[in-house]
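So the structure is just underneath, and the comments pick up after that.
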Amino acid sequence: MLYDTMTAEKRPLALLEPGRCGLYVCGPTVYDMSHIGHARAAIVPDVLVRALRATGLAVTYVRNITDIDDKIIRRAAAEGVSPEEIAARYTEEYHRDLASLGCVAPDVEPRVTENIDGIVEMIGRLIERGLAYAQDGDVYYRVARFAEYGALSGRNLGDMRAGARVEVNERKDDPLDFALWKGAKPGEPAWTSPWGEGRPGWHIECSAMSRRYLGETFDIHAGGRDLIFPHHENEIAQSQGACGHGTFARHWLHNGFVDFAGEKMSKSLGNFFTIREVVALYPAEALRFFILGVHYRSGVNFDVEVPCPSCGAPLSAEVQQHGGTCPSCQAALDLDELRRGLRFPGLEEADERVAAIYDALARARAFVDGVGPAPPSGDPSAAIAGMLSRFRAAIADDLNTAAAIAALSEPLRELNRLLSAKKKEVDPGLRYASAARFLADFSAVSEQLGIFGAEPALYLAARRDQKAARRRLDTAQVDEMVAQRDRARAEKRWKEADALRDALASMGVLIQDGVVSSTWTL
RNA sequence: GGCCUGGUCGCCAAGUGGUAAGGCAGAGCUCUGCAAAAGCUCCACCGCCGGUUCAAAUCCGGCCCAGGCCUCCA
């Protein structure tokens with residue numbers, strides 16, 4: 001079951017061809033570093049693709065790159081380089097970011113500049129069919145001619161005219177018409193067309209590229225909520241208008257926004273965060289876990305905390321974004337310094353949870369590997385045996401990753417209980433079968449979520465190193481203090497051992513005592 | 001002004017007709033030299049009012065509140 005924006009209800013996926021699924025996702029305009037909103041808009045389809053493939057479907061995953069656009073041209077002009085260079089640079093950065101987030105690559109990643117012929121051809125058809133008109137080197141779509149315009153976003157032309165805030169453009173016959181082709185100004189990148197030198201409007205590219213790779217009708221079209229209008233509405237008008245038949249995408253899937261500190265993300269300083277900078281602060285898996293902890297159609301909010309560098313008092317959003325003086329200690333605040341102290345409490349919680357799960361996986365792995373050559377036979381506990389089917393049922397119900405993740409908690413608790421129970425208190429067959437089953441089924445969970453796929457011990461070590469580096473902690477010194485404490489403990493010098501633990505605690509180091517030696521975390 | 005979401009435990013968050021998943025925080029306990037980790041136990045009648053129904057957080061109406069889209073935007 002998937003929610004379809006067009007019908008505004010959940011319904012079973014209605015595939016064009018049994019066993020195959022075509023998915024088109026609106027990708028980024030590559031003119032700057034990608035932000036957390038882009039991360040969500042990539043992670044949601046990523047989880048969808050994983051889910052579809054897990055059910056055995058052959059998915060063709062297409063995600064475009066918009067590599068020519070006003071913003072790219074502006075950026076290029078500002079830096080004195082070519083638009084191609086800007087697009088190439090940020091395409092590469094985008095790929096790096098998504099790889100760091102563990103997103104599977106699309107099967108096809110078409111660029112606008114490689115599809116100009118298809119775009120020109122489609123515009124030509126729209127003109128032939130009387131749905132578009134050329135005007136002084138531009139071409140516009142005549143919205144009033146497309147009867148279904150507004151179906152996706154639940155509007156009609158009358159509503160839109162009533163509240164029109166559309167800028168005046170005397171070339172358009174109707175303010176609601178939108179550009180299919182923009183005549184080039186001197187010095188701008190341009191391609192030849194029957195209407196003169198120019199470049200495509202923003203919306204036509206997706207119509208042309210989805211048609212080329214998926215056909216005139218395909219299964220699922222995905223993107224951020226903000227694309228519903230006008231972008232996807234316009235795509236429908238273009239594609240159905242040019243092809244002359246009724247269905248463009250059979251399902252429309254739109255993900256919600258990312259907010260920071262309760263406010264819509266915007267480029268104004270303070271509530272705009274790139275994937276790169278967040279992943280430098282927290283493990284990428286924690287970011288994925290946090291995002292997937294909320295249903296994809298809802299908004300997800302990142303709390304932002306910025307402590308005063310001098311006194312540690314939390315600062316208000318106003319001061320965070322514009323600087324000034326600390327209300328508590330009056331210290332002058334430097335914006336760069338504030339940025340370095342940035343914290344996302346929600347991500348910290350997610351990070352702890354991911355680490356706790358890895359910790360359980362590590363213990364389960366150690367236990368299973370440590371059992372001798374003839375493991376006792378038995379059945380896994382009910383909670384563990386039922387985990388995967390509950391998890392999958394939640395995913396299958398409109399990609400409810402939040403419910404799916406919640407379904408892991410009881411089995412996880414069960415696993416921990418069995419692993420830590422005293423030998424005599426638990427049936428060895430049950431224990432072994434449960435741990436083995438948990439590990440086996442959890443690999444399917446990890447495959448679905450794109451989380452928990454790392455070797456647990458390596459993940460935990462890397463995480464500790466990252467945190468230590470962030471705090472500029474001398475790990476060699478910590479190791480030495482821990483070793484010293486182990487010696488004190490072995491000789492039952494409890495006071496000394498406790499003093500060392502307190503000293504480590506003041507450095508933010510948590511000790512976990514083992515039988516012979518202790519480990520530490522941050 | 002038009003269109004559209006959402007208001008569920010201190011915080012985050014599932015749940016679209018049958019008497020509220022999960023996480024974090026909190027309280028008590030087990031384990032521990034003391035801790036930590038892990039585990040056990042406890043912890044909500046779902047914004048307000050009215051209606052439909054045997055039965056509503058879930059459906060309908062009204063109200064209050066928050067947010068989004070209508071302009072580039074994931």
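Worth knowing before you read on, the calculation uses all heavy atoms, side chains too, and leaves out hydrogens, waters and symmetry mates.
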Can you check whether any acceptor in the base of [N] is under 3.5 Å from a donor in the side chain of [X], or vice versa?
X       : N       : value
D259(A) : rG67(B) : no
D513(A) : rC34(B) : yes
K495(A) : rC34(B) : no

Side chain of R485(A) (C-beta onward), nearest among rG33(B), rA14(B), rA74(B): rG33(B)

Integer angstrom distance from the [atom1] of [N] to that of [M]:
N       : M       : atom1 : value
rC45(B) : rU19(B) : C1'   : 9 Å
rC48(B) : rG7(B)  : C1'   : 11 Å
rU8(B)  : rA14(B) : C1'   : 10 Å
rU52(B) : rG67(B) : C1'   : 30 Å

Base versus backbone protein contacts along nucleotides 25-32 of chain B [heavy-atom cut-off under 4.0 Å; B, S, -]: --------

Annotated protein contacts, base or backbone, on nucleotides 38-44 of chain B with a non-hydrogen cut-off under 4.0 Å, one of B, S, - each: SSS----

Which part of the nucleic acid, if any, lies within contact of [X], taking any heavy atom under 4.0 Å across all strands shown: a base, the sugar-phosphate backbone alone, or nothing?
X       : result
A41(A)  : sugar-phosphate
K492(A) : nothing
L227(A) : sugar-phosphate
G154(A) : sugar-phosphate

Geometric cation-pi criterion, R297(A) with Y3(A): 6.0 Å, 45°: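 Yes, cation above the ring, under 6.0 Å and within 45°.
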
Cation-aromatic face contact R40(A)/Y296(A), 6.0 Å, 45 degrees: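 Geometry flag: not set, cation outside 6.0 Å or 45°.
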
E414(A) with R431(A): basic N within carboxylate O range, under 4.0 Å: no

Go ahead and name the base partner of [N]; Watson-Crick or wobble counts if both distances stay under 3.5 Å, otherwise write none.
N       : answer
rC69(B) : rG2(B)
rA25(B) : none
rG61(B) : rC49(B)

Of residues 90-102 of chain A, the positions that come close to RNA chain B - non-hydrogen atoms, cut-off under 4.0 Å: none

Any side-chain donor near an acceptor of the partner, R75(A) and Y90(A), under 3.5 Å: yes

Distance below 4.0 Å between W202(A) side-chain N/O and rC73(B) OP1 or OP2: yes

rC12(B) phosphate, OP1 or OP2, under 4.0 Å from S298(A) side-chain N/O: no

